[in-house]
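Scroll down for the structure; my scribbles are underneath it.
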Amino acid sequence: MRRLLSMIALLVLSGLALPAAAAELPLNTLRLPPGFTIELLARVPNARQMALGPGAQGGQVLYVGSMHEGKVHALELSREGRAGALHVVASGLDRPVGVAWRDGSLYVSAIHRILRFDRIADNLARPPKPVVLRDDLPRESSHGWKFIAFGPDGWLYVPVGAPCNICQPDPDRYANILRLSVDGRQLEVFARGVRNSVGFDWQPGSGELWFTENGRDRLGDDIPPDELNHAPRPGLHFGYPYCHGGTLPDPEFGSLRPCSDFTPPAQALGPHVAALGMRFYTGSQFPAAYRGQIIIAEHGSWNRSRRIGYRLSLVTLQGARALSYAPFVTGWLQGEAAWGRPADVLVAPDGSLLVSDDLAGAIYRIRYTGAGS
């Protein structure tokens, strides 16, 4: 036992990720479809959005934002995908949830600022000072944290949530999804009427944007639903604050504009599941039925008499039409007690799926090993 504790202490001091055996997370409570396995890749405090970039000697670097730590971590991965050293590449930031990698630079969201860290992979131990791309975004903390990602058009997409549960804010400043040119000089609204999106991705083939949206609170346990939305072009309005879930007029603002004015959700999700990160599965390791489909991290409810979410869900599409919505991985919620909260998903180069968990402070890897496993 003394030797094991000494080994763990050495790993922590050296910045290496703890092995699964030392983690004491109840992975055996997680339920996956037949043929799938889940393992702990690394412990990363308060892990939220993830982004991958190339690392040294053919490996990768997994960049991980945080909500409450104020830090951005970088986890070195070997060519085989094993976890190596864990670095802090930014600290003292205001909710740096969002991370995106492009052309050697790491982009980070921090409420009203978008920062860029150049030549990041070469300087993990001594990260550079950031370049400030924008510092004029809204400063409100309510729904102010941001998932960010580069679209196929080369622009950085940046959501700005509503500064409230329900209100009628300036539509050019709030409740929208913006896009920002790579140099930070141009900023435009791509979608409006979006209360709070903390996850999006672009559909393979069409290149069209899909995003999750968290519905309003204080209408009861079962309404409104969270949403999976589809924005095939700029300029669409998704209903907030007038209409929720495509059919439910808001009690306060619904009389101002009818639900028929707005783009309805592609799929209604569970009420208050807190749908966050989502990605299209673009790998080849999972069975063919999963390829091109959407996997969503449902962070879990905080304002419901019985908890819901705390799982990964799968939305199956046919073209641009959602056919089904079903659990993919469950078990982070045991009764009314949750030991983990999935926050983001990301397809790894080998086709496995990485999952961040901010409550457990963990990154998991899901693999498909065959129906007989």
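The structure displayed is predicted, hence computed values, not measured ones. Numbering of residues begins at 1 and proceeds along the displayed sequence.
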Please name the residue in the list Leu25, Leu312, Leu353, Leu354 that meets the side-chain contact (heavy atoms from CB on, under 4.5 Å) test with Tyr364. Leu25
Mind listing the closest non-hydrogen atom pair of Val194 and Ser197 along with its distance? CG1-CB, 3.8 Å
What class does the angle between the rings of Phe36 and Phe328 fall in, given that below 30° is parallel, 30 to 60° is tilted and above 60° is perpendicular? perpendicular
Please assess Leu115 against Val132 for the test side-chain contact (heavy atoms from CB on, under 4.5 Å), listing each intermediate value before the final yes or no. CA-CA 5 Å; Leu115 309 174; Val132 179; 3.8 Å; yes
Residue pair Glu76 / His87, side-chain donor-acceptor N/O under 3.5 Å: yes
Report yes or no: does Arg79 contribute a side-chain atom to a donor-acceptor pair with the main-chain N or O of Gln57 at less than 3.5 Å? yes
Please confirm whether the backbone N or O of Asn28 pairs with a side-chain atom of Arg31, one donor and one acceptor, at under 3.5 Å? yes
Exam field: side chain Asn176 to backbone Pro171, donor-acceptor pair closer than 3.5 Å: yes
Quick one: hydrophobic cluster around Tyr242, which other residues, with the 4.5 Å side-chain cut-off, linked directly or via members? Ile166, Tyr240, Phe253, Leu256, Phe262
Are any non-hydrogen side-chain atoms of Leu187 and Val158 less than 4.5 angstrom apart? no
How far does CG of Asp250 sit from SG of Cys167, to the nearest 0.5 angstrom? 10.5 Å
How long is the gap from CZ on Phe190 to CZ on Arg233, to the nearest 0.5 Å? 9.5 Å
Contact check, side chains of Ile120 and Val61, non-hydrogen atoms, under 4.5 Å: no
Once you round to the nearest 0.5 Å, how far does CG of Leu346 lie from CZ of Arg365? 11.0 Å
Answer yes or no: is there a side-chain heavy-atom contact under 4.5 Å between Cys243 and Arg257? no
Applying the 4.5 Å side-chain criterion to the ILVMFWY set and letting contacts propagate, would Phe147 and Val44 be lumped into a single cluster? no
Kindly give the heavy-atom pair with the smallest separation between Leu248 and Pro224, and that separation in Å. CD2-CB, 4.0 Å
Sub-4.5 Å side-chain heavy-atom contact between Pro128 and Arg119: no
Is the shortest side-chain N to carboxylate O distance from Arg48 to Asp358 below 4.0 Å? yes
Please step through side-chain contact (heavy atoms from CB on, under 4.5 Å) for the pair Val198 and His299, ending with a clear verdict. CA-CA 11 Å; Val198 197; His299 196 231; over 6 Å; no
Same apolar cluster: Leu228 and Tyr325, side chain cutoff 4.5 Å: yes
Is the distance from the ring center of Tyr290 to that of Tyr368 below 6.0 Å? no
Please confirm whether Phe211 and Tyr157 have ring centers closer than 6.0 angstrom. no
Taking all non-hydrogen atoms of both residues into account, name the closest pair between Thr263 and His230 and its distance. CG2-O, 4.3 Å
Single hit among Asn214, Asn196, Val160 for side-chain contact (heavy atoms from CB on, under 4.5 Å) with His143: Asn196
Do Ile148 and Leu178 belong together in a cluster built from hydrophobic side chains that touch within less than 4.5 Å? yes
Counting distance only, does the side-chain N/O of Arg134 pair as donor-acceptor with the main-chain N or O of Ile114 below 3.5 Å? no
Does any donor atom in the side chain of Asp344 or Ser356 lie under 3.5 Å from an acceptor atom in the other side chain? no
Is Lys146 reaching over with its side chain to a backbone N or O of Ile111, donor-acceptor style, under 3.5 angstrom? yes
Nearest non-hydrogen partners of Arg113 and Leu93, listed with the distance: NH2-CD2, 3.6 Å
Heavy-atom side-chain proximity of Ser66 to Pro96 below 4.5 angstrom: yes
Checking Ser78 side chain against Gly59 main chain: does a donor-acceptor pair fall under 3.5 Å? no
Between Asp201 (side chain only) and Met278 (backbone N and O only), is there a donor and an acceptor less than 3.5 Å apart? no
His112 side chain near Asp135 side chain, heavy-atom distance below 4.5 Å: yes
Distance, nearest 0.5 Å, that separates CG of Leu180 from CZ of Arg185: 11.5 Å
ILVMFWY network linking Ile294 to Val329, side-chain heavy atoms under 4.5 angstrom: no
Give the cluster check for Ile366 versus Trp332: same hydrophobic cluster or not, with ILVMFWY residues linked at side-chain heavy-atom distances below 4.5 Å. yes
Whether Arg291 side chain and Phe286 backbone form a donor-acceptor pair below 3.5 Å: yes
Looking at Asp217 and Arg195, does any basic side-chain N land under 4.0 Å from a carboxylate oxygen? yes
CD-CG distance between Glu213 and Leu269, expressed to the nearest 0.5 angstrom: 10.0 Å
Smallest heavy-atom separation, Leu40 atom then Ala362 atom, equals CD1-CB, 3.6 Å
Evaluate the side-chain contact (heavy atoms from CB on, under 4.5 Å) criterion for residues Ser105 and Phe117: first the C-alpha distance (whole Å), next the side-chain angles of each, then the deciding distance (0.1 Å), finally the verdict. CA-CA 5 Å; Ser105 296; Phe117 296 80; over 6 Å; no
Counting C-beta onward and ignoring hydrogens, is there a side-chain heavy-atom pair between Ile223 and His244 closer than 4.5 Å? no
Side-chain donor or acceptor of Gln293 paired with backbone N/O of Leu314 under 3.5 Å: no
Among Trp101, Phe150, Tyr63, which residue satisfies the ring-ring contact (aromatic ring centres under 6.0 Å, His included) criterion with Tyr107? Phe150
Only one of Ile308, Leu219, Asp226, Asp221 passes side-chain contact (heavy atoms from CB on, under 4.5 Å) with Pro271; say which it is. Ile308
Rounded to the nearest 0.5 Å, what's the gap from CG on Leu359 to CE on Met67? Could you check? 13.0 Å
Side chains of Ser142 and Cys164: does their closest heavy-atom pair fall under 4.5 Å? no
Can you name the nearest heavy-atom pair linking Ala149 to Ala100, along with the distance? CA-CB, 4.2 Å
Derivation and outcome, salt bridge (Lys or Arg N to Asp or Glu O under 4.0 Å), residues Arg367 and Glu39: CA-CA 9 Å; Arg367 301 179 190 269; Glu39 63 183 355; 3.3 Å; yes
Main-chain N/O of Gly245 paired to Glu227 side chain as donor or acceptor, under 3.5 Å: yes
Checking side-chain contact (heavy atoms from CB on, under 4.5 Å) for the pair Asp222/Arg304: CA distance, chi angles, key distance, verdict? CA-CA 8 Å; Asp222 299 321; Arg304 202 170 181 274; 2.7 Å; yes
Give the intermediate values and the outcome of side chain to side chain donor-acceptor pair (under 3.5 Å) for residues Trp210 and Gln203. CA-CA 7 Å; Trp210 293 68; Gln203 188 170 20; 3.2 Å; yes
